[in-house]
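Comments concern the structure below.
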Amino acid sequence: MIQKTINKELKELLRDGRVRISLFIVLLLLGVAVWISSRQYQHNNRDYAAAKLSERAVWEGQGEKNPHSAAHYGTYAFKPKYPLSLIDQGVDKYIGTSIFLEAHKRNEAQFSAATDQTGLARFGDLTPDFILLFIIPLLIVLLGYNAFTKERELGTHSLLKSAGAKGWKIVLGKWTALFLPILTLTAVLLLLAGLLLSNLTDYGVFQWSSLAVMGLVYLLYYAVFTNLVLWVSHWAKRSGISLVISLSLWIVACLAAPKAASNIAEARHPYPTRQEFAANVIKDKDAGLDGHNPWSKQAKLLEEQVLKEYGVDSLQQLPFNFNAYLAQKGEEHEAEVYFKHYNYLKEQYENQSGTYRSLALLSPFLPARFLSMAIARTDYTTHWDFSDAAENYRIATQKFLNNNTAQNTTYGESGYKASAEFWQELPQFDYQPPALGQILANNRSNLTILGIWALFSFGLLFFTAKKI
Amino acid sequence: MFRYNFKYESILLFRGRWIQVLNGLLILLFGFATYNGQQKTQKRKADIATINAEIQASDQNILKLLDSVEQGLQVNTRPWTVPNTPMAIGNYHPRVASKPPSDLSFLATGQSDMFTHFVKPTVSGDDLALNFSEMTSPVQLLFGSFDVAFVIIFLLPLLIIAFSYDVLSSERESGSLRLLAAQPISLYKWLMQKLALRFFWVVVITTVTVLLVFVANQVPVANNFSTILSFLAISLGYALFWFALAFAVNLWAESSAKNAVALLGLWVLFVLLIPSILNQLGSTLYPIPSRALMINEMRTIKAEATERQDDILDNYLRDHPEYAVNDTTQKRSFWHSYMASQNLVKKELEPVLLTYENQLQKQQQLLDNFTWLSPAIVVQGSMNQLADNGSESYEGYRNQVIAFAAEWRDHFLPMLYNNQAFSSEDYAGLPKFTYTPINNQSQSSVLLILLCSVSVVLGVGALRFYVSSAEKHSII
């Protein structure tokens with residue numbers, strides 16, 4: 001019975017001109033989206049490699065210079081693109097890709113792509129994730145809204161009943177017939193992307209396991225939609241009503257809930273404005289040690305403490321240059337201030353995530369969205385990870401430079417210049433994104449919510465569909 | 001016939017709860033969107049008020065410090081921030097250049113969540129260092145805002161589709177169409193009347209709901225009457241477009257289900273696909289050069305400038321003899337050479353920055369040429385404009401700030417090179433920034449585009465009558 005239902009439904013779907021056209025359009029769009037994204041991906045990676053190389057050359061070619069001048073001159077950390085960004089661009093468009101690393105200051109990533117685009121960019125891009133997250137669920141609605149209502153409208157409903165068909169068997173048959181084309185479509189796309197990515201060996205580390213997990217997330221997401229659409233079709237009286245209800249579900253889940261969630265999250269846990277943030281940082285910085293001001297109260301305190309520690313009574317007797325030591329201590333204080341304020345931002349974002357999670361009960365789109373970009377390493381958490389790594393590198397760089405001054409100069413000496421070769425000794429910035437296991441562990445709650453959605457919708461469909 | 005049609009359809013719409021449901025939904029959607037938007041506007045106003053108050057307090061402090069310095073007293077602040085030098089004022093006591101929200105800012109979030117609303121340009125900072133992007137969670141930018149524009153552009157068409165996709169086909173399916181065909185009215189007219197009636201109710205309900213919701217959310221309606229009127233006109237013009245589509249699809253397609261699928265397909269096409277395809281086309285045809293590479297270029301120019309700082313200062317003074325002549329003490333500080341080389345860096349970077357602006361302008365040009373392809377784009381653009389939150393508004397603001405930054409710099413340069421001190425008398429002469437919204441282009445062209453699309457779509461629908469005789473199936 002199940003097999004027969006599947007065969008019949010699939011045949012019917014394939015014979016329907018509308019279905020053929022919509023499948024064809026979705027495939028075409030997917031193809032175009034993958035092609036455009038892969039071009040952009042390669043382009044971005046080329047620019048990234050060139051920028052990184054050139055920046056390092058600028059750093060190494062500074063010539064003889066005072067290390068602290070070099071610290072102010074600074075260097076840049078560039079964010080690479082990861083292979084799966086080909087499928088899901090996530091929030092990459094709204095995040096800067098380069099961080100300026102300089103003395104005394106933690107800078108935010110600059111130059112996001114969205115600020116360099118026209119207002120139209122806010123409508124969204126033609127990328128694979130747009131099709132995977134929005135269009136395919138809509139396709140499920142269009143393919144499945146009349147799965148049961150048509151039986152009633154054509155009168156085949158009573159025929160089925162008289163044949164003694166079991167309710168769950170028909171439901172399972174129809175479910176499989178609806179899910180099969182979607183499964184094929186998704187599998188083809190992901191396989192295509194996988195093959196494309198494994199051929200681009202020069203850049204990033206592509207893992208089939210990440211791609212497979214991503215595929216599973218999408219399939220789970222589609223299963224939820226399939227269940228809901230079939231359930232609605234089972235209960236609705238007419239095809240038209242079924243379509244309107246399923247469509248409303250899609251609108252709420254994919255369009256309205258994310259926007260409403262973003263507004264609620266912002267209203268409840270707002271970020272400070274950029275100027276406020278900067279002002280707060282300055283206030284905290286001023287309250288502590290200033291590496292450029294040896295006359296401040298904090299500097300005097302540090303002086304006494306160091307003198308006591310080394311058992312000497314003047315700064316000249318110290319085995320290192322106290323001014324450079326002071327600079328390093330000031331640097332550490334500033335790093336702490338930034339740590340505190342950026343942690344506040346992170347906390348606010350964590351709170352906002354809580355809002356998103358609670359609204360995910362209204363929308364299976366939200367957990368799928370977050371999981372997909374997390375696995376693609378294009379989510380906000382990955383960006384935080386990168387930004388923290390860049391900050392650690394900045395702190396290490398400052399220490400490296402201040403230590404050089406402290407060891408090579410004496411107290412009161414000025415005009416010291418490090419040799420031209422010295423800059424090469426600074427280790428390069430090397431960033432590794434979090435591994436798949438780590439990402440899944442971080443997203444446990446999203447996985448759970450999506451799982452609950454799947455279980456709940458399966459339950460809804462099969463328990464209520466016992467009788468036809 | 002028109003009177004009967006109107007009366008009985010209205011009764012049917014009421015009894016079918018169509019009007020009540022539409023009313024309830026619109027109140028809910030507009031209410032939530034307006035409330036959200038107003039909250040954002042309030043926060044923005046409060047932020048600007050806070051920063052202005054801070055500046056006022058710090059200005060009082062400056063005047064006090066200046067007074068002490070002028071009386072020869074010792075002041076207890078860090079030496080380089082004592083406000084009696086032009087560079088101290090220019091760098092540590094900048095003015096706020098803010099972009100206050102317009103009264104109707106809540107209509108469309110536009111780019112306002114991405115860009116900042118106030119910056120403080122300093123003398124030493126170059127224009128590139130002015131960061132105009134706001135600190136927002138990128139997830140928020142990705143999802144967008146539930147604003148009034150979203151309700152109108154995305155949701156209103158879906159409501160219209162849901163209530164008009166089967167106007168003709170349901171009559172055909174229930175068999176009443178044949179009865180109607182026997183009446184002395186042309187099918188075209190009858191269908192027009194039916195949809196016109198629905199449109200009439202949408203107009204009434206939307207207008208009343210919008211006005212009620214606005215008043216409930218303390219929008220100053222009376223002061224912005226004409227803007228709200230153009231907002232309503234554009235929204236209803238957009239609604240009319242979707243009714244026209246429903247009309248055409250009802251005539252061309254056969255069953256209710258086919259109508260619904262076709263209308264939804266068109267919705268996806270106009271609202272989701274055309275905008276994203278156009279955007280993609282723009283950035284593929286006129287790609288913005290890599291910002292990472294721009295950084296490299298900027299760094300090289302700056303490094304070269306630092307090396308030649310002394311030469312640059314000499315050249316600069318040669319170009320600006322007015323500074324060199326008046327300088328009696330010939331004292332040179334860090335700032336003298338810094339400002340001179342900054343000027344040079346700025347000049348050398350100009351062509352680099354221009355490529356970005358040019359590419360963006362080309363993208364915008366392309367979009368402007370094809371915007372008529374989707375009424376959704378047209379309406380979004382015009383809502384952003386009415387709210388003063390669109391890309392052009394922020395570009396205008398950016399240009400005004402950059403002009404102000406130059407004014408601020410130029411105000412202090414003569415003082416710097418003439419080694420003049422800043423005194424309390426100079427305080428009153430400090431440049432001030434006021435934001436002037438860029439002149440809103442008239443909304444009538446938007447309405448014209450909408451009405452043209454409406455007539456094209458109606459024409460396509462009417463064509464059905466000319467081909468029907470040739471085909472097997474007649475409309476009935």
Side-chain angles (χ1 to χ4, degrees), chain A residues 18 22 36 47-48 50-51 54-55 58 76 78 91 94-95 97-98 110-112 114-126 130 134-135 138 142 146 239-240 243-244 247 251 255-256 258-263 265-267 270-277 293 349 352 356 380 383, chain B residues 36 39 43 47 51 78 110-111 114 116 118 120 131 133-146 150 154-155 158 162 166 256-258 260-261 264 268 272 275-280 282-284 288 290-293 295-296 299-300 303 356 360 363-364 367 377 381 384 390-391:
Chain A
R18 275 175 295 155
S22 15
I36 291 176
D47 285 347
Y48 163 75
S54 157
E55 180 56 35
V58 167
Y76 274 86
F78 295 104
V91 297
Y94 299 104
I95 286 179
T97 47
S98 46
Q110 269 178 307
F111 302 123
S112 70
T115 52
D116 269 338
Q117 280 177 315
T118 60
L120 203 58
R122 303 302 295 277
F123 270 98
D125 290 309
L126 187 60
F130 166 69
F134 290 93
I135 302 295
L138 189 63
L142 291 185
N146 62 355
S239 293
L243 180 62
V244 169
L247 201 66
I251 295 165
L255 290 178
K259 282 180 194 281
S262 116
N263 280 110
E266 193 203 3
Y271 269 26
T273 62
R274 181 173 298 287
Q275 309 289 342
E276 256 171 40
F277 184 81
N293 188 357
Y349 177 63
Q352 292 189 353
Y356 289 123
Y380 198 22
H383 180 72
Chain B
N36 267 336
Q39 255 188 337
K43 180 168 184 299
D47 285 342
I51 189 70
R78 273 174 289 184
Q111 304 281 59
M114 200 156 78
T116 182
F118 57 96
K120 296 189 269 185
N131 196 341
S133 62
E134 186 48 279
M135 214 168 220
T136 329
S137 140
V139 178
Q140 240 166 61
L141 297 178
L142 178 72
F143 287 164
S145 266
F146 200 108
F150 167 71
F154 285 76
L155 302 184
L158 287 170
D166 61 350
S256 300
K258 273 189 187 166
V261 172
L264 277 181
V268 171
L272 297 178
S276 61
I277 290 174
L278 272 184
N279 178 38
Q280 202 67 266
S283 49
T284 313
I288 301 285
S290 153
R291 284 286 186 181
L293 297 179
I295 290 173
N296 291 150
R299 304 268 289 162
T300 322
Y356 289 86
L360 201 60
Q363 284 190 7
Q364 193 63 55
L367 298 187
I377 304 178
N384 284 348
S391 295

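What's counted below: heavy atoms across the whole structure, side chains too, no hydrogens, waters or symmetry copies.
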In terms of heavy-atom pairs under 4.5 Å, which option from A/L138, A/V58, A/T115 contacts chain B the most?
A/T115
Between A/E55, A/R274, A/H383, A/E266, which shows the greatest number of heavy-atom pairs under 4.5 Å with chain B?
A/R274
Using 0.5 Å steps for rounding, measure from the CD1 atom of B/I277 to the CG atom of A/L120.
11.0 Å
Flag the pair A/D125 / B/N279 as yes when at least one side-chain heavy-atom distance between them is below 4.5 Å, and no otherwise.
yes
Heavy-atom proximity to chain A below 4.5 Å, by part of B/S276:
both
Among the listed options A/T97, A/L247, A/I95, the residue most often paired with chain B at heavy-atom distances under 4.5 Å:
A/L247
Heavy-atom pairs under 4.5 Å with chain A, option from B/S133, B/A162, B/A260 with the top count
B/S133
side-chain contact (heavy atoms from CB on, under 4.5 Å) test vs A/Y94 passes for just one of B/V139, B/T136, B/L142, namely B/L142
Between the main-chain N or O of B/F118 and the side-chain N or O of A/Q275, is there a donor-acceptor pair closer than 3.5 Å?
yes
Winner by heavy-atom pair count (cut-off under 4.5 Å) against chain B, out of A/S112, A/S54, A/A50
A/S54
Heavy-atom cut-off 4.5 Å, strictly under: side chain, backbone, both or neither for B/I51 against chain A?
neither
If we only count heavy atoms from C-beta on, is the B/K43 to A/P270 side-chain gap below 4.5 Å?
yes
Rounded to the nearest 0.5 angstrom, the CG-NZ distance for B/N36 and A/K259 is 11.5 Å
Should B/P275 and A/R122 count as side-chain neighbours, where that means a heavy-atom distance under 4.5 Å?
no
Value rounded to 0.5 Å, distance of CD1 in A/I36 from OG in B/S283
8.0 Å
Considering all heavy atoms of both residues, which atom of B/D47 and which atom of A/E276 are nearest to each other, and what is their separation?
OD1-OE2, 3.3 Å
Flag the pair B/F150 / A/L255 as yes when at least one side-chain heavy-atom distance between them is below 4.5 Å, and no otherwise.
yes
Is the closest side-chain heavy-atom distance between B/V268 and A/F134 below 4.5 Å?
no
Start with the C-alpha distance between A/I251 and B/F154, add both sets of side-chain angles, then the distance that settles side-chain contact (heavy atoms from CB on, under 4.5 Å), and finish with yes or no.
CA-CA 9 Å; A/I251 295 165; B/F154 285 76; over 6 Å; no
Side chain from CB out, backbone as N, CA, C, O: work out which of these in B/L367 comes under 4.5 Å of a heavy atom of chain A, or both, or neither.
side chain
When heavy-atom pairs shorter than 4.5 Å are enumerated against chain B, which of A/Y48, A/Y349, A/Y271, A/F78 gives the highest number?
A/Y271
Which heavy atom in B/G144 sits nearest to a heavy atom in A/S262, and how many Å separate them?
O-OG, 2.9 Å
Relative to chain B, which of A/A114, A/A261, A/P258, A/S98 shows the most heavy atom pairs under 4.5 Å?
A/P258
B/E134: salt bridge (Lys or Arg N to Asp or Glu O under 4.0 Å) partners, not counting sequence neighbours:
none
Any idea which heavy atoms bring A/Q352 and B/S137 closest together, and the distance?
OE1-CB, 3.5 Å
Restricting to non-hydrogen atoms, name the atom on B/Q39 and the atom on A/A267 that form the minimum distance, rounded to 0.1 Å.
OE1-CB, 3.7 Å
